[in-house]
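As the structure is a prediction and not an experimental result, all values here were calculated from the model.
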Amino acid sequence: QVQLVESGGGLVQAGGSLRLSCAASGLTVSTYAMGWFRQAPGKEREIVAAISWSAGSTDYTDSVKGRFTISRDNAKNTVYLQMNSLKPEDTAVYYCAAPLRDRFERWPPVKYNYWGQGTQVTVFS
């Protein structure tokens with residue numbers, strides 16, 4: 001079965017950095033588009049970043065552009081979200097996600113089918 005396991009969350013001071021990891025099993029990240037989502041208290045889940053299967057394209061929500069970077073390590077079958085210049089409003093549970101299909105999936109994915117359990121990121125000022 002497909003499993004996505006996030007790690008790397010925690011407490012961080014405003015202005016600091018964290019790197020989230022998403023270890024995948026049951027799918028090969030080099031052949032799948034992958035995404036990071038987050039859900040803050042009292043807010044709806046939103047997409048944060050996405051990377052195409054070929055790594056030729058990336059998308060970011062406006063609020064994180066210039067601060068967050070999505071990447072992957074194919075050898076480790078792992079997707080990362082590097083988060084710099086963190087702000088209190090970045091506080092949320094962060095989720096890793098994948099669409100149903102591999103490289104034949106449309107870009108950008110419209111629907112994500114596989115989800116991790118989430119990792120908490122808390123930014124304090």
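In terms of modelled atom types and a separation under 3.5 Å, the side chain of Gln117 and the main chain of Glu6 share a donor-acceptor contact. Looking only at distances, a side-chain donor or acceptor of Tyr60 sits under 3.5 Å from a matching main-chain atom of Ile70. Remark: the backbone N or O of Tyr32 is not paired with any side-chain donor or acceptor of Asp102 at under 3.5 angstrom. Here the side chain of Thr119 pairs a donor or acceptor atom with the backbone of Gly9 at under 3.5 angstrom.
The distance from the CH2 atom of Trp107 to the OG atom of Ser57 is 6.0 Å, given to the nearest 0.5 Å. Taking CD1 of Ile51 as the reference point, atom OH of Tyr80 lies at 12.0 Å (rounded to 0.5 Å). Rounding to the nearest 0.5 Å gives a distance of 8.5 Å between CG of Leu86 and OG1 of Thr91. Considering CG of Asp90 and OG of Ser63, their distance stands at 7.0 Å, rounded to 0.5 Å.
In this structure, a donor-acceptor pair under 3.5 Å is present between the side chains of Tyr94 and Arg38. If you check the side chains of Asn84 and Ser17, you find a donor sitting under 3.5 Å from an acceptor.
The pair Asp62-Lys65 meets the salt-bridge criterion, with a side-chain N (NZ, NE, NH1 or NH2) lying under 4.0 Å from an Asp/Glu carboxylate O.
Looking at Leu100 and Lys111, their side chains never come closer than 4.5 Å, going by heavy atoms from C-beta outward. Taking the side chain as every heavy atom from C-beta outward, Cys96 and Trp36 approach each other to under 4.5 Å. Put simply, the side chain of Arg19 does not reach to within 4.5 Å of the side chain of Leu81, judged on heavy atoms. In this structure, Pro88 and Phe124 have side chains that are not in contact, with every pair of non-hydrogen atoms separated by 4.5 Å or more.
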